[in-house]
Enquirer: 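Could you have a look at this structure, given as C-alpha cells, before my questions?
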Amino acid sequence: MSAARAVPWSPAHPLWLCPFRPFFMLALVAGWALMGLWGGFLLLGWPLPAVRGGPFVWHAHELLLGFALAGAAGFVLTSVPEFTRTPAFGARPVRVLVGLWLAGRLGFWYSGWWPLVGLAVAALAQLGLIGGLMGLLAPRLLRDPGRRHVAFLWALALLAFVAAGFYVDALRGVAPTRWLHALVGVWMGLIVIAMSRISMSIVNASIDAQVAADGRAREPYLARPPRRNLALLAISGYTLAEFARPGGPVSAWLALAAAAAALNLLNDWHVGRPLLRRWPLLLYVVYVLMALGYALTGLALLGGGFSPNAGLHVLTTGVLGLNVYLVIAIAGYTHSGLEKSGRPWVPWGAALLVAAALARASAYALAPAALMGVAAALWCAAFALQSMRMLPVFWRPRADGGGGCDGLPPPRPAPASAPRQSTCAPEALTTDS
C-alpha cells in the first residue's frame with residue numbers, strides 16, 4: 001500500500017514519517033478544541049468533566065499536560081536526534097507515546113465519574129509518556145560529547161516529578177492546584193532551555209541574510225549560558241517560594257527577579273537590523289511576554305491592586321501558547337522539506353495569541369466575563385488558523401522527496417565579496433547544562 005493511500009493508523013501513513021507530525025497534530029487540535037470547551041463553559045455554561053479540584057483544575061491540567069506536553073514531545077523527539085547527530089526515532093515507539101497521550105486525556109476526563117480509576121489511568125499514562133520520552137532521549141543526550149543538551153533530560157525529570165505530585169494529591173482528595181502552578185514554572189524553564197537552541201539557528205540565519213544583503217560583517221549571535229542559567233535560577237526560586245508559601249513577599253520579589261532575568265536574556269538578542277526580521281522578532285516577543293508575566297505577578301503580590309493571576313495568564317496564554325505556536329511553525333515546515341518564510345498567516349496568528357494574553361490579563365481589572373470570552377476566542381482563532389495551514393502538511397508525504405525528519409539543505413554560501421559570518425548551530429553552544 002502506498003503512503004498516500006495508507007490508513008492513518010498504519011505505520012506507512014505520512015503522519016508517522018517523523019515524531020513531530022502526530023504530536024504537533026495533537027497539539028494543534030487540542031489548542032482550539034480544549035480552549036473552545038473552556039470558553040463554552042465560561043460563557044455558555046457548557047458542562048465539563050467534574051474532576052477533583054473543579055473546572056479550573058481540568059482547564060489547567062489539559063493546557064499544561066495535554067496541549068503543552070504534545071508540543072514539547074514533538075519538539076524534543078525531532079530536535080534531539082538533530083542536535084546529537086543521531087538517527088531519527090522510528091514510528092513504533094512514537095505510536096506508543098501517542099497512545100499514552102490519548103489515554104491520559106481519557107483517564108483524566110473520566111475521573112469526573114470514576115475518580116480513583118480515572119486518575120490512576122491518567123497518572124500511569126501521563127507519567128508513562130514522560131518516562132518514555134526520557135528513556136528514548138537519555139542514551140543520546142548522555143552519550144553526546146560534552147553532554148551539551150542534557151538539560152532537556154533534567155527538565156523532563158522535573159516535569160515527571162511535579163506531574164506525579166499532582167496525581168498523588170488528586171488521588172488523596174487534596175486540591176492539587178499548587179502542583180499546577182509549579183508546572184507553569186517547569187514549562188517556563190523548559191522554554192528558556194529550548195529557546196537557547198532554537199535562537200542560535202534563527203537569529204544567526206537572519207544575521208547571515210543581512211550580511212548577504214548589505215555586505216557588512218556582523219558578529220554572530222550567542223545564547224550565553226550565564227544569562228540562561230541566571231534566568232533558570234530566578235524562575236526556579238520563584239516557583240519554589242510560591243509552592244512553599246503562596247502569595248508571600250518572598251514570592252513577590254523573586255517574581256520581579258525572574259522578570260529582570262528574562263529581560264537580561266534579551267541583551268544577547270540586540271543584534272541590530274537582523275532582529276527585526278520575522279522569526280527572530282517573534283521569538284523575541286516570547287521573552288518580552290515572560291518578563292511581563294513575572295513582573296505583573298510580582299507587582300500584584302506586593303499590593304498592586306490586581307490579581308497575580310493576571311501575570312499567570314500572560315505566562316500561560318502568552319508565553320506557552322506563542323512558544324508552542326512558533327515551534328510548530330518553524331520545525332513543522334523545516335522538517336517537512338518546506339520553506340518556513342513567506343507565510344503571511346504566521347504573524348497574524350502570533351498577533352492573535354498576544355492579544356489573547358493581554359485580554360486575559362486585563363480581565364482581572366476590567367470586564368471579566370467578556371474579556372475572558374474574547375481571550376478564548378482569540379486563542380482558538382490562532383490555532384484554528386494554524387491547523388488549517390499545517391495539518392495538511394503533516395498528513396501528506398514530503399513534497400521534496402527527502403527523508404522523514406530531514407531539514408532543508410543549508411543555504412548557498414554568500415559571495416566572496418560579502419564577509420559572511422558562519423551560522424552557529426545549536427551544538428555550538430558552550431553550555432554548562
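Nothing fancy with the numbering, it's 1 onward along the sequence.
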Enquirer: Hey, could you give me the CD1/CE distance between Ile328 and Met25, rounded to the nearest 0.5 Å?
Expert: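 With rounding to 0.5 Å, CD1 (Ile328) is 11.5 Å from CE (Met25).
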
Enquirer: side-chain contact (heavy atoms from CB on, under 4.5 Å) for Tyr284 and Val288? Distances and angles first, verdict last.
Expert: CA-CA 7 Å; Tyr284 186 90; Val288 171; 3.7 Å; yes

Enquirer: Begin with the C-alpha distance, continue with both residues' side-chain angles, and end with the deciding distance and a verdict on side-chain contact (heavy atoms from CB on, under 4.5 Å) for Arg245 and Val250.
Expert: CA-CA 9 Å; Arg245 185 168 293 183; Val250 174; over 6 Å; no

Enquirer: When you compare the side chain of Leu296 with that of Tyr364, does any pair of heavy atoms fall below 4.5 Å?
Expert: no

Enquirer: When you measure from the side chain of Arg147 to the backbone of Leu142, do you find a donor-acceptor pair of N or O atoms at a distance under 3.5 Å?
Expert: yes

Enquirer: To the nearest 0.5 angstrom, please state how far the OH atom of Tyr287 sits from the CG atom of Asn323.
Expert: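 Interatomic distance, Tyr287 OH to Asn323 CG, rounded to 0.5 Å: 8.5 Å.
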
Enquirer: More than 12 heavy atoms of other residues, nucleotides or ligands under 6.0 Å from CZ of Phe306: yes or no?
Expert: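 Atom CZ in Phe306 is packed in, count exceeds 12.
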
Enquirer: Would you say that Val314 contacts Tyr294 through its side chain, given a criterion of any heavy-atom pair below 4.5 Å between the two side chains?
Expert: no

Enquirer: Just so I know, are the side chains of Val98 and Leu129 near enough to count as touching, which here means a heavy-atom distance under 4.5 Å?
Expert: no

Enquirer: When you compare the side chains of Trp101 and Gln126, does any donor N or O come within less than 3.5 Å of an acceptor on the partner?
Expert: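 Their side chains do not contain a donor-acceptor pair, so the 3.5 Å distance test is not met.
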
Enquirer: With a 6.0 Å cut-off (strictly less than), is the heavy-atom count around CZ of Arg389, excluding the residue itself, greater than 12?
Expert: no

Enquirer: What I'd like to find out is whether the side chain of Trp58 reaches to under 4.5 Å of the side chain of Phe41, using heavy atoms alone.
Expert: no

Enquirer: First locate atom CG of Leu97, then atom CD1 of Ile130, and finally report the distance between them rounded to the nearest 0.5 Å.
Expert: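 So the gap between those two atoms works out to 11.0 Å.
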
Enquirer: With Arg224, which of Asn229, Asp268, Asn267 fulfils side-chain hydrogen bond (donor to acceptor under 3.5 Å, both in side chains)?
Expert: Asp268

Enquirer: Leu302 vs Leu256, test: side-chain contact (heavy atoms from CB on, under 4.5 Å). Steps then yes/no.
Expert: CA-CA 10 Å; Leu302 288 176; Leu256 294 176; 3.8 Å; yes

Enquirer: Run Trp379 and Thr317 through side-chain hydrogen bond (donor to acceptor under 3.5 Å, both in side chains) and show every step you take.
Expert: CA-CA 8 Å; Trp379 169 289; Thr317 307; over 6 Å; no

Enquirer: When rounded to the nearest 0.5 angstrom, what is the spacing between CG in Leu183 and CZ in Phe161?
Expert: 11.5 Å

Enquirer: Would you say Asn264's side chain and Ala260's backbone share a donor-acceptor pair under 3.5 angstrom?
Expert: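 Side chain of Asn264 to backbone of Ala260: no pair is present.
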
Enquirer: Would you indicate whether Trp348, at its atom CH2, is surrounded by more than 12 heavy atoms from other residues, nucleotides or ligands within a distance under 6.0 Å?
Expert: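 No, CH2 of Trp348 has 12 or fewer neighbouring heavy atoms, counting only those of other groups under 6.0 Å.
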
Enquirer: For Phe67 and Phe383, I'd like to know if the aromatic rings sit close, meaning centre-to-centre distance below 6.0 Å.
Expert: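 Yes, the ring of Phe67 comes within the 6.0 Å limit of the ring of Phe383, centre to centre.
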
Enquirer: Answer yes or no: does atom CH2 of Trp253 have more than 12 heavy-atom neighbours from other residues, nucleotides or ligands under 6.0 Å?
Expert: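 Counting other residues, nucleotides and ligands, CH2 of Trp253 stays at 12 neighbours or fewer.
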
Enquirer: Would you say Glu242's side chain and Gly247's backbone share a donor-acceptor pair under 3.5 angstrom?
Expert: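 Looks like yes, one N/O pair under 3.5 Å.
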
Enquirer: Would you say the side chain of His181 lies within less than 4.5 Å of the side chain of Leu312, judging by non-hydrogen atoms?
Expert: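 They are in side-chain contact.
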
Enquirer: Taking Asp169 first and then Arg178, would you say they form a salt bridge - that is, a charged N and a carboxylate O separated by under 4.0 Å?
Expert: yes

Enquirer: Mark yes or no: Arg197 above the aromatic ring of Phe83, with NZ or CZ under 6.0 Å from the six-membered ring centre and no more than 45 degrees from the axis.
Expert: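 The answer is no, since Arg197 fails at least one limit relative to Phe83.
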
Enquirer: Could you check whether any side-chain heavy atom of Leu282 comes within less than 4.5 Å of a side-chain heavy atom of Leu322, counting everything from C-beta outward?
Expert: no

Enquirer: Which heavy-atom pair separates Ser206 from Pro274 by the least distance, and what is that distance?
Expert: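 The pair with the smallest heavy-atom distance is OG-O, 2.6 Å.
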
Enquirer: Less than 4.5 Å apart, side chain to side chain, heavy atoms only: is that true for Met290 and Ile235?
Expert: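 Touching, per the 4.5 Å side-chain cut-off.
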
Enquirer: Between CG of Asn309 and CG of Leu315, what distance do you get to the nearest 0.5 Å?
Expert: 11.0 Å

Enquirer: Using modelled atom types only, decide if a donor and an acceptor are shared between the side chain of Ser336 and the backbone of Leu338 within a distance under 3.5 Å.
Expert: no

Enquirer: Yes or no on side-chain contact (heavy atoms from CB on, under 4.5 Å) for Leu159 and Leu190, after CA distance, side-chain angles and deciding distance?
Expert: CA-CA 9 Å; Leu159 182 66; Leu190 187 55; 5.5 Å; no

Enquirer: Heavy atoms only: give me the nearest Met134-Ala157 pair and the separation to one decimal.
Expert: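 Reported closest heavy-atom pair: CE-CB, 3.7 Å.
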
Enquirer: Considering all heavy atoms of both residues, which atom of Val346 and which atom of Trp279 are nearest to each other, and what is their separation?
Expert: CG1-CH2, 3.6 Å

Enquirer: Any donor and acceptor pair, going by atom type alone, linking the side chain of His335 with main-chain N or O of Cys405 inside 3.5 Å?
Expert: yes

Enquirer: Ignoring hydrogens and geometry, is there a side-chain-to-backbone donor-acceptor pair from Arg52 to Leu171 under 3.5 Å?
Expert: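 Such a contact is found between Arg52 side chain and Leu171 backbone.
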
Enquirer: So, for Val285 and Val354, which heavy atoms are closest and what is the spacing to 0.1 Å?
Expert: CG1-CG2, 4.0 Å

Enquirer: Could you pull out the closest heavy-atom pair between His149 and Leu141, with the gap in Å?
Expert: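 For His149 and Leu141, the tightest heavy-atom pair comes out as O-CD2, 3.4 Å.
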
Enquirer: Determine the sole option in Trp109, Trp38, Phe108 for which the ring pair (Phe, Tyr, Trp, His ring centres under 6.0 Å) test with His61 is passed.
Expert: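 Between His61 and the candidates, ring pair (Phe, Tyr, Trp, His ring centres under 6.0 Å) is satisfied uniquely by Phe108.
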
Enquirer: Think Arg21 forms a cation-pi with Trp16, using NZ or CZ under 6.0 Å from the six-ring centre and within 45 degrees of its axis?
Expert: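 Verdict for Trp16: no cation-pi partner in Arg21.
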
Enquirer: Before accepting this row, confirm whether a basic side-chain N of the pair Asp144/Arg140 lies closer than 4.0 Å to the acidic partner's carboxylate O.
Expert: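 Result for this pair is no, no salt bridge flagged.
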
Enquirer: Without swapping roles, check the side chain of Gln386 against the backbone of Tyr325 for a donor-acceptor pair under 3.5 Å.
Expert: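 It does hold such a pair.
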
Enquirer: Are any non-hydrogen side-chain atoms of Arg278 and Pro347 less than 4.5 angstrom apart?
Expert: yes

Enquirer: Do Trp32 and Ser387 have a side chain donor and acceptor closer than 3.5 Å?
Expert: yes

Enquirer: Out of Val327, Thr78, Leu77, which residue meets the side chain to side chain contact (heavy atoms under 4.5 Å, CB included) rule with Phe20?
Expert: Thr78

Enquirer: If only side-chain N and O atoms count, and only distance matters, is there a donor-acceptor pair under 3.5 Å linking His270 with Tyr221?
Expert: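 No.
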
Enquirer: Measure the spacing between CG of Leu37 and CG of Leu42 and express it to the nearest 0.5 Å.
Expert: 11.0 Å

Enquirer: What heavy-atom pair brings Pro308 and Thr297 nearest, and what distance separates the two atoms?
Expert: O-OG1, 3.8 Å

